Amino acid sequence: MTESIIAPELVALDVSAGTDKSEVIAYLAGRITDAGRSTSVDGLVEAALAREAQSATGLPGGIAIPHCRAAAVTSASLGFARLDPKVDFGAPDGGADLVFLIAAPESGGSQHMKLLSALARALVRPEFTAALRAAATPEEVVALVEDVITPKPAEPKPATAAAPAPAAAEAAPSGKPSLVAITACPTGIAHTYMAADALKLAAERAGVELTVETQGSSGSTPLSAQTIADAGAVVFATDVGVKGRERFAGKPVITSGVKRGINEPDAMIAEAVAAASDPHAATVDGTASGTAESAPAQAGLGGQLKRALLTGVSYMIPFVAAGGLLIALGFLISGGYEIGLDHGDDGMSNGAYYALHNSLTNLPDGGLRAYLGGVAFATGQAAMSLMVAVLAGYIAYAIADRPGLAPGFVAGVLAGTVGAGFIGGVVGGLLAGVVALWIGKLQLPQWARGLMPVVIIPLFATLITGGLMYMVLAGPLRWVNEAMTDALNGMSGSSKIALGVVLGLMMCFDLGGPVNKAAYAFAVAGIGAAGAGVPQWEMMAAVMAAGMVPPLALALASTVLRPGLFTEPERENGKAAWFLGASFISEGAIPFAAADPLRVIPSMMLGGAVTGGLSMALGAQLRAPHGGVFVLFAMNGTWWKFLIALAVGVVVSAVTVVAAKSVGRRSAFAAESAQPAAVAA
């Protein structure tokens with residue numbers, strides 16, 4: 001390795017880097033970028049905050065390890081800050097004063113991953129953290145870190161006549177209880193290995209033999225079949241799905257998020273030992289005496305529903321974006337909206353008819369433009385037609401894993417068949433996932449277990465879900481969908497404007513998060529529904545215009561109105577935000593919001609509400625679900641209304657955020673960047 005992952009310029013001792021974790025992350029990201037190890041502060045901050053949104057990275061003992069993979073990172077790096085005062089990173093015992101920002105390249109070479117995991121493991125050792133607190137210079141910190149991440153040569157074992165020690169995976173001859181564990185976190189960089197070591201130390205204290213399989217970025221050695229067979233129970237400390245879960249079928253199991261493996265390892269080991277001798281304990285892929293397998297500790301029913309819905313929406317959006325933009329491209333190529341009209345009683349659009357019944361040597365009446373436009377439109381229609389099926393399929397997948405895909409996709413198709421639309425897809429996906437999960441927990445003979453995921457679960461889950469969709473839910477769901485459509489079609493005046501205001505607030509609340517996606521999905525479902533018309537097109541225009549406000553407003557404020565209120569990295573980000581905002585990428589505002597959320601987010605919501613309400617009041621219309629100013633041609637001649645609403649909201653947000661930053665102090669990150677001399681201890 002040619003470059004160490006840590007250097008003195010990446011270390012700051014006894015600094016005040018902000019009042020919340022987003023400011024601290026931005027501060028450390030700035031040091032990494034200034035050292036030439038990242039091409040963008042904003043890209044690194046965005047990736048780290050996205051990881052924070054999955055679960056907090058604060059650990060007991062005043063430690064925090066925000067971490068991520070990011071395309072902006074050019075060399076695996078560690079930024080370290082010893083904070084004064086402490087900042088809350090979500091640890092159960094309070095704020096953190098030792099913060100490592102672990103930044104890995106998106107490709108994540110295996111050697112770098114091993115070094116990063118070695119650091120994570122060292123952080124569970126009290127003597128290492130004590131040395132970090134006592135270090136007087138950045139160079140001492142660098143030496144401490146390099147000492148724990150540099151592989152040590154193995155010491156030769158003294159020659160003895162003793163038999164080789166048994167593999168850790170096997171039952172110990174001493175008669176100690178034997179357990180196995182799986183640890184895994186979303187990025188597989190830090191928490192995975194910290195949980196593994198914390199559980200191992202707890203097992204030693206309890207006199208228990210424990211073998212851990214770390215399913216992380218630096219690779220792992222799978223547990224052997226004999227190791228699993230000898231184990232009395234299994235511990236899953238994971239935030240993601242367990243690879244090869246079927247290997248542990250029938251074993252008593254203790255399940256939690258990876259953070260509990262770090263915070264409460266002794267409790268988890270004790271619970272696993274108790275489960276090993278409890279005939280009523282929950283088991284993997286099945287339960288005894290009706291006891292349900294433990295759900296992850298960090299996710300209640302609401303959290304699981306949110307995760308399932310967001311999974312469905314995230315998989316749906318590529319189909320929507322591709323399909324919607326192809327439809328808009330079809331309009332542009334053909335020179336009008338006629339290709340979207342019904343061809344006749346055959347149920348086809350003009351575009352689909354042109355594509356199916358003509359060719360390059362047999363052009364329709366409109367010539368080559370009509371034919372090519374028809375091909376683009378028909379392809380876009382095909383992609384959009386999959387929207388509800390994909391939504392339902394991946395909602396079910398998030399609940400029941402792969403066995404939920406077949407019943408979920410079928411439920412989505414049936415939602416369209418019975419006229420239940422987007423609402424039917426959500427309900428059908430949830431139903432399919434729950435049914436598939438329930439069937440998967442049934443106790444079957446050993447010979448039938450292999451048929452469960454590929455035959456039994458898909459067959460019966462699809463049958464039950466389809467039966468319920470047709471026989472019970474079709475009528476109510478169709479009524480709800482039609483009632484929503486009729487209410488939308490009947491909106492006018494103040495009610496229509498109020499809807500635009502609400503959608504604008506939602507689009508700017510979390511800048512690409514769950515609330516933003518809910519508003520976007522609602523609008524996309526409208527224009528994708530059969531019989532979509534002016535009300536649905538107006539709603540889509542309001543949503544897109546409001547979503548463009550945050551990045552454009554912050555670009556205006558940081559590069560034109562008052563650049564001095566923003567840090568140099570923010571001003572650079574402002575230049576990029578012009579294009580991101582024009583393209584309808586709300587996430588371009590995330591770095592600004594992360595550094596100063598209390599001033600930025602309310603300012604953006606105000607402008608978004610103005611834009612959404614004004615767009616609806618003016619009657620701007622949009623037939624494409626994505627593209628920003630690049631799909632002005634798909635606005636039925638109302639593009640000037642769209643631009644007026646957008647411009648007013650951008651100005652409102654820009655002026656508001658400038659005023660907010662002027663009357664209050666700048667973020668701690670801005671202050672540190674403006675006064676570099678204050679950074680060092």
Side-chain angles (χ1 to χ4, degrees), residues 301-302 304-317 319-320 323 347 381 383-400 403-439 457-491 499 502-503 506 514-515 517-533 535-536 539-540 543 625:
L301 178 60
Q304 293 176 32
L305 287 175
K306 172 185 170 183
R307 180 175 64 87
L309 292 172
L310 286 180
T311 299
V313 170
S314 67
Y315 279 99
M316 177 191 78
I317 285 177
F319 290 83
V320 171
Q381 270 192 316
M384 289 289 286
S385 70
L386 294 171
M387 177 180 71
V388 175
V390 171
L391 172 71
Y394 281 98
I395 287 175
Y397 170 79
I399 296 173
L405 281 173
F409 271 89
V410 171
V413 172
L414 293 182
T417 302
V418 303
F422 181 76
I423 298 297
V426 172
V427 173
L430 292 172
L431 175 64
V434 170
V435 171
L437 186 64
W438 172 72
I439 293 175
I457 297 177
L459 171 63
F460 288 99
T462 302
L463 176 63
I464 293 171
T465 302
L468 291 173
M469 289 288 288
Y470 271 123
M471 295 186 291
V472 179
L473 297 174
L477 289 175
R478 182 169 55 246
W479 177 84
V480 170
N481 189 53
E482 291 174 351
M484 289 180 61
T485 302
D486 292 342
L488 180 61
N489 290 334
M491 278 188 169
L499 176 62
V502 172
L503 291 173
M506 294 175 69
V515 177
K517 283 185 170 61
Y520 178 68
F522 180 58
V524 168
I527 66 169
Q536 288 80 15
M539 183 171 65
M540 189 71 248
V543 163

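Being a predicted model, the structure only gives us computed values, none of them experimental.
Taking the side chain to side chain contact (heavy atoms under 4.5 Å, CB included) definition, one finds that V410 meets it with L414, T462, sequence neighbours left out. With sequence neighbours excluded, the residues forming a side chain to side chain contact (heavy atoms under 4.5 Å, CB included) with L437 are I399, A400, K441, listed by chain and number. Under the side chain to side chain contact (heavy atoms under 4.5 Å, CB included) criterion, V388 pairs with A415, sequence neighbours left out. Legend: residues meeting side chain to side chain contact (heavy atoms under 4.5 Å, CB included) with A474, ordered by chain and number and at least two apart, are V418, R478. Under the ring pair (Phe, Tyr, Trp, His ring centres under 6.0 Å) criterion, Y397 pairs with Y394, not counting sequence neighbours.
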Item to complete: Apply side chain to side chain contact (heavy atoms under 4.5 Å, CB included) to T417 and Y470, showing your working.
Response: CA-CA 10 Å; T417 302; Y470 271 123; 3.9 Å; yes
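Heavy-atom minimum distance, F409 versus A389: CD2-O, 3.6 Å. Scanning all heavy atoms of the two residues, the minimum distance from G404 to A436 falls at CA-CB, 4.0 Å. Closest non-hydrogen pair, G424 versus M469, comes out as O-CE, 4.1 Å. Residues A411 and G429 share a closest heavy-atom pair of CB-N, 4.4 Å.
Here the straight-line distance linking atom CG of L468 with atom CG of L463 works out to 9.5 Å at 0.5 Å rounding. Remark: L405 CG to I395 CD1 distance equals 12.0 Å, nearest 0.5 Å. Atom CG of L431 sits about 4.5 Å away from atom OG1 of T465, to the nearest 0.5 Å.
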